[in-house]
Amino acid sequence: MLTEVNDSLYSINKKSKLNFILNIFIAIVFVVLIAEILFAAIYSGIYVVGSSMYPTLKGADDESSPGGDYVYVNKYAKPDYGDIVVVLRDNETTIIKRVVAFGGDHVKLVSGRLKIKYVGTDEFVDVEESYIDDNNITPILPKNNFHNDDEGYYVKEGYFFLLGDNRDVSEDSRARGAYEISHLYGVVVDWSMTYKSFISSAHKSLYFDIPRFLGLS
């Protein structure tokens with residue numbers, strides 16, 4: 001009788017431990033799922049294509065090719081000067097560029113150097129652009145709406161002026177004019193740039209290597 005009671009207690013204790021472990025596991029899964037939902041609601045991943053933001057960002061040849069950087073944007077962040085942003089174009093494609101001016105500012109390029117007359121000021125000032133390759137500041141301008149005269153290009157309210165870091169190849173506000181801020185998709189977040197190599201490597205492993213291994217690409 002005593003042996004039967006001990007066996008019964010042992011069985012109950014074993015089940016209690018298993019239930020406790022199972023409950024902990026379910027709680028962890030629930031927390032992870034909630035975190036992923038919240039993360040997806042705020043942030044969105046962007047795969048960089050093209051060389052317009054080089055050397056800051058490396059771009060793949062196309063969306064199905066490896067080699068591009070993968071970054072995250074905050075879909076609710078307010079852009080500031082110098083931020084890298086993603087903008088919707090034609091409601092279908094996205095472009096990734098850097099904000100250099102907002103409504104009320106005047107923009108001009110002199111020998112490839114960016115100058116801004118900020119709203120409420122009377123003179124153009126040089127903009128320090130440490131992200132630009134010194135060998136890539138030639139005054140090449142695409143056929144455009146860009147008025148690079150003494151007054152510069154005036155940015156209307158509700159718009160921002162975007163430039164690619166790779167000025168010789170980037171099709172940006174010099175060619176297309178200022179972009180409407182309402183078309184902003186998101187602002188690239190600092191932590192995404194800090195851990196860009198890790199994030200890009202993880203994205204490559206998940207979206208390129210595994211699909212190829214499984215014969216899906």
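In what follows, every heavy atom counts, from backbone to side chain, and hydrogens, waters and symmetry copies are set aside.
- Put simply, the residue from D69, I199, T56 that forms a side-chain contact (heavy atoms from CB on, under 4.5 Å) with M193 is T56.
- The environment of CG in D62 is crowded: more than 12 heavy-atom neighbours from other residues, nucleotides or ligands sit within 6.0 Å.
- Between the NZ atom of K108 and the CG atom of L114 there is a distance of 11.0 Å, given to the nearest 0.5 Å.
- Distance check, rounded to the nearest 0.5 Å: OH of Y179 to CD1 of I95 gives 3.5 Å.
- Although no hydrogens or angles enter the test, the distance criterion places a donor-acceptor pair under 3.5 Å between the side chain of N166 and the main chain of S51.
- Residues V125 and Y118 are in side-chain contact: their nearest non-hydrogen atoms beyond the backbone lie under 4.5 Å apart.
- A side-chain donor-acceptor contact under 3.5 Å links R167 to the backbone of G164.
- Here the options are L184, V188, I96, I181, the test is side-chain contact (heavy atoms from CB on, under 4.5 Å), and the partner is V85; only L184 passes.
- Using a cut-off of 4.0 Å between Lys/Arg side-chain N and Asp/Glu carboxylate O, D126 and R113 are scored as not salt-bridged.
- The nearest pair of heavy atoms linking S192 to Y70 is OG-O, 4.5 Å.
- Applying the salt bridge (charged side-chain N to carboxylate O under 4.0 Å, His left out) criterion to D80, with sequence neighbours excluded, gives no partner residue.
- A donor-acceptor pair under 3.5 Å is formed between the side chain of R98 and the backbone N or O of G82.
- Under the 4.5 Å side-chain heavy-atom criterion for grouping Ile, Leu, Val, Met, Phe, Trp and Tyr, F161 is connected to V127 within one hydrophobic cluster.
- Contact record, S44 with K75: CB-CD, 4.0 Å, taken as the closest heavy-atom pair.
- Across V189 and Y43, no two heavy atoms sit closer than the pair CG1-CE2, 3.8 Å.
- The side-chain heavy atoms of M53 and D165, taken from C-beta on, include a pair separated by under 4.5 Å.
- Under a hydrophobic clustering in which Ile, Leu, Val, Met, Phe, Trp and Tyr are joined whenever their side-chain heavy atoms come within less than 4.5 Å, directly or via other members, Y195 and Y72 fall into the same cluster.
- The distance from atom OG of S52 to atom CG of D168, rounded to the nearest 0.5 Å, is 12.5 Å.
- Closest non-hydrogen pair, F160 versus S173, comes out as O-OG, 4.2 Å.
- In the hydrophobic cluster analysis, where Ile, Leu, Val, Met, Phe, Trp and Tyr join through side-chain heavy atoms closer than 4.5 angstrom, V48 is grouped together with L88.
- We find the OG-OH distance between S182 and Y159 to be 7.5 Å, quoted to the nearest 0.5 Å.
- In terms of heavy-atom proximity, F102 sits nearest to V99 at CZ-CG1, 3.5 Å.
- In terms of heavy atoms, A60 sits closest to P66 at CB-O, 3.8 Å.
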Run the numbers on L57 and K196 for side chain to side chain contact (heavy atoms under 4.5 Å, CB included), then give the verdict. CA-CA 9 Å; L57 294 171; K196 177 184 61 178; 3.7 Å; yes
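- In summary, K117 and E151 engage in a salt bridge, as defined by a charged side-chain N under 4.0 Å from a carboxylate O.
- No chain of hydrophobic side-chain contacts below 4.5 Å, direct or via other Ile, Leu, Val, Met, Phe, Trp or Tyr residues, connects F124 to V110.
- No path of Ile, Leu, Val, Met, Phe, Trp and Tyr side chains, each step under 4.5 Å between heavy atoms, connects Y81 with Y154, placing them in separate hydrophobic clusters.
- For the pair H183 and R89, the minimum side-chain heavy-atom distance is 4.5 Å or more.
- Note that CD1 of I84 is 11.5 Å distant from NZ of K97, once rounded to the nearest 0.5 Å.
- For the atom pair S200 OG and Y47 OH, the distance stands at 8.5 Å (nearest 0.5 Å).
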